[in-house]
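Ligands are counted one by one from 1 in listed order, and the atoms in each one are counted from 1 as well.
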Amino acid sequence: MKIDLHMHSTRSDGRLTPTELVEVLAHREVDVAALTDHDSTEGLDEAIAAAAAHPALRIVPGIEISASHPTMDNSDVHLLGYFVDRADAALQRQLTALRQEREERGLRMLDNLARLGYPLDWERVRELADGASIGRPHIAHAMVERGYLATYKDAFDGLLNNGGAAFVGRVGVTLEDAARTIRSAGGAAVLAHPLYVEEYATLVPRLPDMGIVGLEAHYANFNADEQRALFGLAKRYGLLPCGGSDYHAMGNENEALPGSDGPPPEVFETLERLAGAG
Ligand code: AMP
Ligand code: ZN
Ligand code: FE
Ligand code: FE
């Protein structure tokens, strides 16, 4: 059974439309897949409709909220939510505000890039995002398109990466707020890619008190030792070891494909039960 609980579409910074993504999932014989776009649930209806043609594939409604952590320099902490009710008004209010902040932050990053000698056209970045949640990958692509850099990855090297010269952080919502929103929308909250959070060791023990029920341990970009360490942490703090590929269809050589990693069925079943009990 292939379960993958983390992937993106063109409704945020992924490069496949929800329909194209579903075709890849069906082709790769994935059984359960969660679409978890950054700060948007807008791809879910399309993905679920497209999956109707593939009875063996189940699409789980998901979200990846860009939260920040005030005690950690407002560094980015991504919170996944599963089985959220996308009609929930409070959830949509929070997502709309976050997307608005992404626009303002994008403009500020363009100011920084211009000062650093890489002027870009904001309208072009918006076009590349095509109405979706704007993120650093869209800016990175605009830079490559303008011929400033050879690859998308280069844009993150010292420029757009966290703490990079053009980087602008987010204030948006706290992890606690994001967790509350997910829970009140009937969802189950899971900490995304913990090893990307600098102070994860002090954060993880506090997750249960925030109503967060799991962490990503089966994460395709973490090696076996890293995953083992996360399984240990999950067990110790009573968190579900979830995970997935975080597929964006970026097309880089070593990108993990959908279905390449994820939790076993019993973990997924517990996650679904916890969401229902929320
Ligand atoms: P944003 O949502 O604007 O903060 O951008 C975050 C997204 O940028 C992540 O989901 C990744 O897709 C991408 N990203 C972040 N850091 C890097 C990096 N160092 N190299 C390549 N892509 C990155
Ligand atoms: Zn992304
Ligand atoms: Fe993320
Ligand atoms: Fe992601």
Quick one: are Pro241 and Leu230 in side-chain contact, heavy atoms under 4.5 Å?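 Of all side-chain heavy-atom pairs linking Leu230 with Pro241, none is under 4.5 Å.
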Quick check on the 6.0 Å ring-centre criterion: do His78 and Tyr196 meet it?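 Distance test on ring centres: not under 6.0 Å, no.
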Kindly state whether the ring of Tyr152 and the ring of His141 have centres lying under 6.0 angstrom apart.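 Aromatic pair counts; centres sit under 6.0 Å.
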Scan Ile63, Thr96, Ile65 and name whichever one has a side chain to side chain contact (heavy atoms under 4.5 Å, CB included) with Asp39.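 Among the candidates, only Ile65 passes.
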Of Leu191, Val197, Leu203, Leu80, which meets side chain to side chain contact (heavy atoms under 4.5 Å, CB included) against Leu215?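 The single option meeting the side chain to side chain contact (heavy atoms under 4.5 Å, CB included) with Leu215 is Leu191.
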Taking atom CD of Glu145 as the centre, does the number of heavy atoms from other residues, nucleotides or ligands within less than 6.0 Å exceed 12?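 Result for CD/Glu145: enclosed.
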Asp13/Arg136 under salt bridge (charged side-chain N to carboxylate O under 4.0 Å, His left out): CA gap, chis, key distance, verdict: CA-CA 8 Å; Asp13 56 6; Arg136 286 177 280 165; over 6 Å; no
Under 4.0 Å from ligand 1, counting heavy atoms only: the protein residues, by chain and number: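 Those residues closer than 4.0 Å to ligand 1 by some heavy atom are Asp13, His38, Asp76, Arg102, Arg105, Gly135, Arg136, Pro137, Tyr152, Lys153, Phe156, Arg170, His248.
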Passes salt bridge (charged side-chain N to carboxylate O under 4.0 Å, His left out), Asp209 versus Arg206? Steps please. CA-CA 6 Å; Asp209 280 347; Arg206 300 173 42 214; over 6 Å; no
Whether His8 has an N, O or S atom under 2.8 Å from the Zn ion (ligand 2):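 No, His8 does not qualify, because none of its backbone or side-chain N, O or S atoms lies under 2.8 Å.
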Within 2.8 Å of the Zn ion (ligand 2), is there any N, O or S atom belonging to Asp13?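 Short answer: yes, at least one N, O or S atom is under the cut-off.
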For the Zn ion (ligand 2), give me the closest N/O/S atom belonging to His248, just the atom name.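 It is NE2 of His248.
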Spell out the protein N/O/S atoms under 2.8 Å from the Fe ion (ligand 3) as residue plus atom name.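 Within the sphere that stays under 2.8 Å of the Fe ion (ligand 3), the protein atoms of type N, O or S are Glu64 OE2, His78 ND1, His193 NE2.
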Could you tell me whether Glu20 and Arg15 make a salt bridge, using a distance below 4.0 angstrom between a side-chain N and a carboxylate O?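 Between Arg15 and Glu20 there is no salt bridge, as every charged N stays at least 4.0 Å from the carboxylate O atoms.
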Could Asp45 and Arg86 be called an ion pair, given the rule that one side-chain N must be under 4.0 Å from one carboxylate O?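 Result for this pair is yes, salt bridge flagged.
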Mind checking whether His6 and Tyr219 have parallel, tilted or perpendicular rings, split at 30° and 60°?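 Aromatic pair His6/Tyr219 classed tilted.
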